[in-house]
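Data first, discussion second: the structure below is written as structure tokens.
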Amino acid sequence: MTLRTHILGFPRMGENRELKFALERHWRGEISMDDLEKTGRDLRARHWALQRAAGLDFVTVGDFAFYDQVANHIQWTGCEPSRFGFSGEEPSLSRYFTMARGVASEKETEKSAPALEMTKWFDTNYHYLVPEFSADTAFALHGERIFSELAEARALGHPAKVALIGPLTFLWLGKEKTPGFSRLDLLERILPVYRQLLTRLAAEGAEWIQMDEPILGLDLPNEWQQAFEPAYHQLAAPETRIMLATYFSPLKENFNLACRLPVAGLHIDAVRAPEDALLAADWLPAHRVLSLGLIDGRNIWRTDLDRALDFLRSERFAKLREVWLAPSCSLLHVPFSVAAETGLDAELRSWLAFAVEKLRELQTLKQAAPEDADLETLLAESRRARQSRENSPRVNAPEVAARLAALPDDIDRRASPFPVRRRAQQARFQLPLLPTTTIGSFPQTASVRAARAAFRRGEMQAAEYAAAMQDEIARAVAFQEALGLDVLVHGEAERNDMVEYFGEQLAGFAFTANGWVQSYGSRCVKPPIIYGDVSRPRPMTVEWSRHAQSLTRRPMKGMLTGPITILQWSFARDDQPRRVTAEQIALAIRDEVTDLEAAGIGIIQIDEPAIREGLPLRREHWAGYLAWATRAFRIAASGVADETQIHTHMCYSEFNDILPEIAAMDADVITIETSRSDMELLRAFGNFHYPNEIGPGVYDIHSPRVPSVEEIEHLLDKALAVIPAERLWVNPDCGLKTRAWPETKAALANMVEAARRLRVRP
């Protein structure tokens, strides 16, 4: 059996987030497009060199993107939405960024258009730009960028495998913009373009084409299942070797289909679907290549190489002529390298493997696979790390386990039903019809970030730092009062990230210095690492919220991140069920909620944008997940009196299928992202007769454009068609931390004015 190694994709931001900073400088007009392109070429060359240095048999081309890999495919297939008014004269990157960031214009004679909608890439925290399809969508090959990147790799002497999103997954990821039309109807139009691309890639030296079809791990409608075989028969050609890549989920009823397709190889996620890998060894013809995703591409713990090696040495793989070893999925979802984490505790650091270290793990597996390999030498470091983690007393806290075991049955229930609570809250807050608020954060200026950084470095004393943040809070409160907002926030100047901020104050968490992961575009997050049992040693937000409330007579929201979002947006421990970790976090947040209430904060928002994202990809597992996930939220939220109002916030989610469970969270007010979808998401809440109060986002905070008063009125009119005015709130889509103050002030002023106009409308 011949063994080869490869990866499905690599982090594109760079070791020091070089791409992020270059993108943002380009968008500010500080560097040219040529400078940005050079940054991209340099990063690709470095990353390919790392792959080859680790002994990989191919470098992966096509995984690089200046914003998002789905946006890349929108562009090379030529299906850019016509609403942007492209003339064909704009440089390709200008068109590309227009789709991602929208078109803002204050002149009536110039075109203005919102950016493409974003949503989560399967069950990850990565966001992709959603393709828009209509009955008249046409496709044409514009693959110059892919060909250029392939030529770069070949010029550097690298054997290359090109990674593409498969045609069915690409169509599945999009949305229909024409009523009564199915995007699957476009398959026959897009396949010739894929065929042209594959033929030219093979002619220009691509040794393999990796075709990602992760939707084979979903519960597909029959018509989508049945479309795979004829589609791939059209793509099959002697000169093109296709490695069909599946990941994130077991194939189940799609397994036989995946094995039947006329492709040269099949990649299986052997971390999430080990049984599929074993079955594939029996089902695949001996001449086909089986790629085993043995290294977890979604988490940061060292691989148990002994276990992976035992799996690889199964007799069932011995009959295959060629086996490839790989991570389970693209390494886009993990940080660059542990090497930069010199400040981490040495023991904990030894437990970790980021992207570069996972390349080395692949190399070790390949070297250890022969029967005569010196396993003690090759696997010694992995074994020491595993034993250290298993035996470390810092991982398990008996008092946390004892508290979980003693929870009463009604720990997750409010004292009264929503109608009773609503009357108590109306009497307390006396809010107007269509109350206005924001989601929590305000723009973080350079001075705010500098103060926070100085405090972290020990260059600013605690009292001086507190005074600086209190000044910023005072400015935020004064701004909101002048604007006329009804429910205020303190602005979160002291917070770096909505998960990291809380994790830094909870036991069981650790933090990296440079463990950045791309979320979308130039936006990167640095997920905490949950390595042990979670508890709250002391209050986390109470003093900031108490100070903010002291500055105003209007209601001040306390701002917290919910247990499922903290879990989902962290690298969670893999040695106990996620349900257990979620309940530990929920109890810590519950303690904070009750302390905020005791401090006089009457409205508390517990953000859960990730609850839909955590939904298993297979429907059969939904009920179990939703039961423990919604219980965790209710545990966090249910320790308060009726007159204390609990809000939650969710974004980038399709809620239609889980609205009963969303309602079962029993938040008094839910705010959701709806502006990019033109209130489409809200329609499901109306059809469901969502019983509590709801705030649909009325402007997109991920784009710099400022919506007009009339545009916001239009969205609110659509909202009022499905939600009664007495249960409707007015707010942006999400927090405003990433925006600049001028656009924030203008957009919020328009939002408040739109609400005012609707209140006085006959």
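Because the structure is a prediction, the values reported are computed rather than measured. These values consider heavy atoms only, across backbone and side chains, with no hydrogens, waters or symmetry-generated copies.
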Which heavy atom in [X] sits nearest to a heavy atom in [Y], and how many Å separate them?
{"X": "A160", "Y": "V61", "value": "CB-CG2, 4.0 Å"}
{"X": "A115", "Y": "A100", "value": "CB-O, 3.3 Å"}
{"X": "A163", "Y": "T60", "value": "CB-CG2, 3.9 Å"}
{"X": "T137", "Y": "E132", "value": "OG1-O, 4.3 Å"}
{"X": "P11", "Y": "H47", "value": "O-CE1, 3.3 Å"}
{"X": "P527", "Y": "W569", "value": "CB-O, 3.3 Å"}

Would the distance check show the side chain of [X] and the main-chain N or O of [Y] forming a donor-acceptor pair, the cut-off being under 3.5 Å?
{"X": "T169", "Y": "I165", "result": "no"}
{"X": "R618", "Y": "L251", "result": "yes"}
{"X": "D57", "Y": "T5", "result": "yes"}
{"X": "E188", "Y": "D185", "result": "no"}
{"X": "Y96", "Y": "Y67", "result": "yes"}
{"X": "S330", "Y": "L8", "result": "no"}
{"X": "S249", "Y": "L617", "result": "no"}
{"X": "T303", "Y": "I295", "result": "no"}
{"X": "N254", "Y": "L218", "result": "yes"}
{"X": "R288", "Y": "C259", "result": "yes"}

Pick out which of K120, Q518, H333, Q568 makes a side-chain hydrogen bond (donor to acceptor under 3.5 Å, both in side chains) with N125.
->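 Option passing the side-chain hydrogen bond (donor to acceptor under 3.5 Å, both in side chains) with N125: K120.
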
Scan T565, T561, T648 and name whichever one has a side-chain hydrogen bond (donor to acceptor under 3.5 Å, both in side chains) with E608.
->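 Testing E608 for a side-chain hydrogen bond (donor to acceptor under 3.5 Å, both in side chains) against T565, T561, T648 leaves exactly one candidate, T565.
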
Side-chain donor-acceptor pair present, [X], [Y], cut-off under 3.5 Å:
{"X": "T581", "Y": "Q576", "result": "yes"}
{"X": "H6", "Y": "S291", "result": "yes"}
{"X": "S519", "Y": "H127", "result": "yes"}
{"X": "Y232", "Y": "E213", "result": "yes"}

Within 45 degrees of the ring normal and closer than 6.0 Å to the centroid, is that where the cationic atom of [X] sits relative to [Y]?
{"X": "K161", "Y": "W208", "value": "no"}
{"X": "R189", "Y": "F139", "value": "no"}
{"X": "R298", "Y": "F248", "value": "yes"}
{"X": "R634", "Y": "W628", "value": "no"}

In Å, rounded to the nearest 0.5 Å, how long is the span from [atom1] of [X] to [atom2] of [Y]?
{"X": "K737", "Y": "S441", "atom1": "NZ", "atom2": "OG", "value": "6.5 Å"}
{"X": "F58", "Y": "W48", "atom1": "CZ", "atom2": "CH2", "value": "15.5 Å"}
{"X": "L197", "Y": "R195", "atom1": "CG", "atom2": "CZ", "value": "9.5 Å"}
{"X": "R302", "Y": "L352", "atom1": "CZ", "atom2": "CG", "value": "8.5 Å"}
{"X": "F170", "Y": "T77", "atom1": "CZ", "atom2": "OG1", "value": "4.0 Å"}
{"X": "I694", "Y": "T674", "atom1": "CD1", "atom2": "OG1", "value": "8.0 Å"}

Among all residues two or more places apart in sequence or in another chain, which pass the ring-ring contact (aromatic ring centres under 6.0 Å, His included) test with W172?
->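 By the ring-ring contact (aromatic ring centres under 6.0 Å, His included) rule, W172 matches W224.
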
Report yes if some heavy atom in the side chain of [X] is under 4.5 Å from a heavy atom in the side chain of [Y]; otherwise report no.
{"X": "L164", "Y": "I146", "result": "yes"}
{"X": "V334", "Y": "V517", "result": "no"}
{"X": "Y194", "Y": "L141", "result": "no"}
{"X": "L235", "Y": "L191", "result": "yes"}
{"X": "N72", "Y": "R145", "result": "no"}
{"X": "L659", "Y": "N687", "result": "no"}
{"X": "W301", "Y": "I529", "result": "yes"}
{"X": "M498", "Y": "P609", "result": "yes"}

Determine whether the aromatic ring centres of Y128 and F122 lie less than 6.0 Å apart.
->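 When the ring centroids of Y128 and F122 are compared, they turn out to be at least 6.0 Å apart.
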
Taking the six-membered ring for Trp, are W76 and H142 ring centroids under 6.0 Å apart?
->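 No, too far apart.
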
Tell me, with the steps shown, if E661 and W622 meet side chain to side chain contact (heavy atoms under 4.5 Å, CB included).
-> CA-CA 10 Å; E661 290 78 13; W622 284 16; over 6 Å; no

For atom CZ of R579, decide whether the heavy atoms of other residues, nucleotides or ligands shown that lie under 6.0 angstrom number more than 12.
->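 For R579, atom CZ is not crowded (no more than 12 foreign heavy atoms under 6.0 Å).
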
Should D123 and R272 count as an ion pair when the cut-off is N to O under 4.0 Å?
->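 Yes, charged N to carboxylate O under 4.0 Å.
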
Does a side-chain N-to-carboxylate-O contact under 4.0 Å join R619 and D657?
->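 Answer for the salt bridge query: yes.
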
Return the set of residues passing side-chain contact (heavy atoms from CB on, under 4.5 Å) with V356 (not counting sequence neighbours), or none when no residue passes.
->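 side-chain contact (heavy atoms from CB on, under 4.5 Å) check on V356 returns F10, L50, F336, S337, R360.
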
Start with the C-alpha gap between Y126 and Q69, add the side-chain angles, then the distance that decides, and say whether side-chain hydrogen bond (donor to acceptor under 3.5 Å, both in side chains) holds.
-> CA-CA 11 Å; Y126 177 78; Q69 70 270 17; 2.9 Å; yes

